[in-house]
Amino acid sequence: EPASAKFVLEKRLGLKSPPLISMGDAPDKPDPKGFIHLSKKLLGDKLGSSNIPIGYVGDTIADINTVMNAKKEIPSQKFISIGIAPPHLHAKSLLKERISYEKNLRDAGADLILNTINDLKNINLDLLWKNTNQKILIDIKTVEIMEKKLNELYNEVLEILETNLYNIVYTEKINKT
């Protein structure tokens, strides 16, 4: 829902009037129309080789396919597909399943697989798109604030799941750095 997505982005992550495309605003993934529309909103309606690369972080094959389809629709724009296994697969006891899941993301076309969301801070963007002088500037303090708020939100969701919705027992929680 747009209202809940807006709440998370503004209240939980502290973003001011973020552009938002949520379920119902665009065709379902892997149709790239919503992703492309949001990209145009962020870059002033112009996509192509003269623009900075646009990264998309997702934890499903549908997310990876969305980026792959955007690359087909606008081949001159550099779209980067960044995959990450969902939080429940980060327990040590599920390492085999996580490795298999990450292989599926790679096979679907992910340009990069993150071990944790914290790895976003350490991506060497030059390795992801060669033959370009373009750079993306990331304010590390903003990333750290978002990371902290995402971790808090993740813990709240886990608490809700553990106490109210399901009888889930986690053997380990994700190691937060």
Side-chain angles (χ1 to χ4, degrees), residues 1-90 97-120 123 125 128-130 132 134 136-138 142-143 146-147 149-151 153-154 156-158 160-161 165-166:
E1 280 184 43
S4 63
K6 186 174 179 171
F7 174 80
V8 169
L9 292 171
E10 291 180 346
K11 302 298 182 198
R12 299 286 187 194
L13 299 179
L15 301 177
K16 305 254 190 260
S17 301
L20 176 64
I21 303 291
S22 58
M23 292 174 72
D25 291 342
D28 292 341
K29 298 181 276 185
D31 186 314
K33 286 181 184 69
F35 174 48
I36 289 170
H37 178 71
L38 181 59
S39 298
K40 286 179 178 179
K41 283 175 89 172
L42 292 170
L43 295 177
D45 218 18
K46 295 182 181 180
L47 296 178
S49 59
S50 64
N51 260 321
I52 60 172
I54 299 169
Y56 181 120
V57 179
D59 65 354
T60 68
I61 289 174
D63 292 322
I64 304 306
N65 288 338
T66 299
V67 178
M68 300 304 291
N69 291 336
K71 288 178 180 182
K72 291 175 189 170
E73 193 161 318
I74 307 175
S76 61
Q77 175 62 50
K78 292 180 182 175
F79 290 110
I80 301 167
S81 173
I82 303 170
I84 184 167
H88 72 276
L89 291 178
H90 287 257
E97 290 86 350
R98 178 179 169 191
I99 290 169
S100 174
Y101 194 92
E102 290 172 347
K103 181 186 180 312
N104 291 337
L105 293 174
R106 261 189 222 88
D107 291 346
D111 296 306
L112 178 70
I113 302 293
L114 301 177
N115 287 321
T116 74
I117 200 68
N118 298 329
D119 289 344
L120 278 173
I123 294 174
L125 298 175
L128 293 176
W129 58 85
K130 297 176 183 165
T132 182
Q134 298 169 334
I136 294 177
L137 300 176
I138 299 173
T142 300
V143 171
M146 290 176 67
E147 175 185 299
K149 291 184 178 187
L150 281 171
N151 283 333
L153 181 60
Y154 175 71
E156 286 179 33
V157 169
L158 278 181
I160 290 168
L161 289 173
L165 300 177
Y166 303 101

Closest approach of I64 to G83 (non-hydrogen atoms, all atoms of both residues): CD1-CA, 4.1 Å
Are any of the side-chain heavy atoms of Y56 and T66 separated by less than 4.5 Å? yes
One should read off an interatomic distance between Q77 CD and L47 CG, to the nearest 0.5 angstrom, of 5.0 Å
Verify, without hydrogens or angle tests, whether H90 (side chain) and A85 (backbone) share a donor-acceptor contact under 3.5 angstrom. yes
D31 side chain near N69 side chain, heavy-atom distance below 4.5 Å: no
Taking the side chain as every heavy atom from C-beta outward, state whether L105 and I113 have any pair of such atoms under 4.5 Å apart. yes
Closest non-hydrogen atoms of A70 and P32, given as atom of the first, atom of the second and distance, are N-CB, 3.6 Å
L112 vs I80, side-chain contact (heavy atoms from CB on, under 4.5 Å): CA-CA, chis, key distance, verdict: CA-CA 8 Å; L112 178 70; I80 301 167; 5.5 Å; no
From L38 atom CG to K40 atom NZ, the distance as rounded to the nearest 0.5 Å: 12.0 Å
Close side-chain approach of K103 and I99, heavy atoms under 4.5 Å: no
Is it the case that the side chain of N65 and the backbone of P30 share a donor-acceptor pair, with hydrogens and angles ignored and the cut-off at 3.5 Å? no
Closest non-hydrogen atoms of E102 and L114, given as atom of the first, atom of the second and distance, are OE2-O, 4.0 Å
Rounded to the nearest 0.5 Å, what separates atom CG in L42 from atom CD1 in I54? 7.5 Å
T60: side-chain contact (heavy atoms from CB on, under 4.5 Å) partners, not counting sequence neighbours: A62, D63, Y101
Residues in side-chain contact (heavy atoms from CB on, under 4.5 Å) contact with K71, at least two apart in sequence or another chain: V67, M68, F79, D111
Any side-chain heavy atom of L43 within less than 4.5 Å of one from I52? yes
